[in-house]
Amino acid sequence: MRTIEFTIPLATPSNNQLLRMHWAKRRALKKQLALEVTSALVRSGQRRPNEPLAQVYLEIERGSFGEDNLQGGTRPLVDVL
(Lines give C-alpha, C1' and ligand atoms only; values in the text may rest on other atoms or scores of the structure.)
Protein backbone atom coordinates (compact mmCIF):
# COMPACT_ATOMS: atom_id res chain seq x y z
CA MET A 1 0.00 0.00 0.00
CA ARG A 2 1.33 3.42 -0.96
CA THR A 3 1.14 6.29 1.54
CA ILE A 4 1.01 9.88 0.39
CA GLU A 5 1.36 12.41 3.19
CA PHE A 6 1.59 16.18 2.91
CA THR A 7 0.78 19.39 4.77
CA ILE A 8 -0.79 22.49 3.31
CA PRO A 9 -0.58 25.83 5.14
CA LEU A 10 -3.96 27.00 3.85
CA ALA A 11 -6.86 26.65 6.29
CA THR A 12 -10.12 25.29 4.93
CA PRO A 13 -13.15 27.49 5.56
CA SER A 14 -15.96 26.47 7.88
CA ASN A 15 -19.09 25.02 6.33
CA ASN A 16 -20.99 28.25 7.05
CA GLN A 17 -18.34 30.33 5.28
CA LEU A 18 -18.37 27.93 2.36
CA LEU A 19 -22.14 28.02 1.98
CA ARG A 20 -22.18 31.83 1.91
CA MET A 21 -19.25 32.13 -0.47
CA HIS A 22 -19.80 33.46 -4.00
CA TRP A 23 -19.41 30.77 -6.68
CA ALA A 24 -16.44 32.53 -8.29
CA LYS A 25 -14.66 32.83 -4.96
CA ARG A 26 -15.34 29.15 -4.26
CA ARG A 27 -13.86 28.21 -7.64
CA ALA A 28 -10.77 30.34 -6.89
CA LEU A 29 -10.45 28.56 -3.53
CA LYS A 30 -10.47 25.17 -5.28
CA LYS A 31 -7.77 26.32 -7.70
CA GLN A 32 -5.68 27.62 -4.82
CA LEU A 33 -6.12 24.33 -2.93
CA ALA A 34 -5.07 22.37 -6.02
CA LEU A 35 -1.90 24.45 -6.30
CA GLU A 36 -1.18 24.02 -2.59
CA VAL A 37 -1.59 20.23 -2.81
CA THR A 38 0.65 20.01 -5.87
CA SER A 39 3.36 22.18 -4.32
CA ALA A 40 3.13 20.28 -1.02
CA LEU A 41 3.73 17.03 -2.88
CA VAL A 42 6.74 18.52 -4.65
CA ARG A 43 8.15 19.89 -1.37
CA SER A 44 7.83 16.48 0.29
CA GLY A 45 9.58 14.78 -2.64
CA GLN A 46 6.53 12.76 -3.73
CA ARG A 47 4.92 12.49 -7.13
CA ARG A 48 1.29 12.87 -8.01
CA PRO A 49 -0.23 9.49 -9.00
CA ASN A 50 -0.51 9.00 -12.77
CA GLU A 51 -4.02 7.57 -12.54
CA PRO A 52 -6.82 7.77 -9.97
CA LEU A 53 -6.34 5.52 -6.95
CA ALA A 54 -8.86 2.67 -6.68
CA GLN A 55 -9.19 2.81 -2.91
CA VAL A 56 -8.23 5.65 -0.59
CA TYR A 57 -8.16 6.25 3.15
CA LEU A 58 -8.18 9.97 3.76
CA GLU A 59 -7.28 11.59 7.07
CA ILE A 60 -7.52 15.36 7.47
CA GLU A 61 -6.22 17.11 10.58
CA ARG A 62 -7.48 20.65 11.09
CA GLY A 63 -7.21 22.74 14.23
CA SER A 64 -9.81 25.19 15.44
CA PHE A 65 -10.63 27.11 18.59
CA GLY A 66 -14.27 26.18 18.48
CA GLU A 67 -16.72 23.82 16.89
CA ASP A 68 -17.32 25.47 13.51
CA ASN A 69 -18.60 22.56 11.41
CA LEU A 70 -15.15 21.45 10.35
CA GLN A 71 -16.16 18.47 8.24
CA GLY A 72 -18.34 20.42 5.82
CA GLY A 73 -15.59 22.96 5.18
CA THR A 74 -13.19 20.27 3.93
CA ARG A 75 -15.38 19.56 0.90
CA PRO A 76 -13.32 21.71 -1.53
CA LEU A 77 -10.15 19.90 -0.44
CA VAL A 78 -11.75 16.49 -0.96
CA ASP A 79 -13.00 17.62 -4.38
CA VAL A 80 -9.47 18.66 -5.35
CA LEU A 81 -7.97 15.37 -4.21
With no hydrogens and no angle check, is any side-chain donor or acceptor of T74 less than 3.5 Å from a backbone partner on L77? no
Hydrophobic cluster membership, L19 vs L29, 4.5 Å side-chain cutoff: no
Is there a path of hydrophobic side-chain contacts, each under 4.5 Å between heavy atoms of I/L/V/M/F/W/Y residues, joining V78 to V37? yes
Hydrophobic cluster identity match, L35 and V80, side-chain contacts under 4.5 Å: no
Any side-chain heavy atom of L81 sitting closer than 4.5 Å to one from L33? no
In short, salt bridge (charged side-chain N to carboxylate O under 4.0 Å, His left out) pairs touching residues 5-18 with sequence neighbours left out are none
For the atom pair CZ (R27) and CE (M21), what is the distance rounded to the nearest 0.5 Å? 13.5 Å
Got a sec, which pairs hit salt bridge (charged side-chain N to carboxylate O under 4.0 Å, His left out) with one end in residues 31-45, sequence neighbours left out? none
Not counting sequence neighbours, which residues clear side-chain contact (heavy atoms from CB on, under 4.5 Å) with D79? List them please. K30, R75
Run the side-chain donor-acceptor check on residues 52-61: report pairs under 3.5 Å with partners two or more places apart or on a different chain.
none

Going by the rule side chain to side chain donor-acceptor pair (under 3.5 Å), which residues pair with S44 if we only count those two or more places apart in sequence or in a different chain? Q46
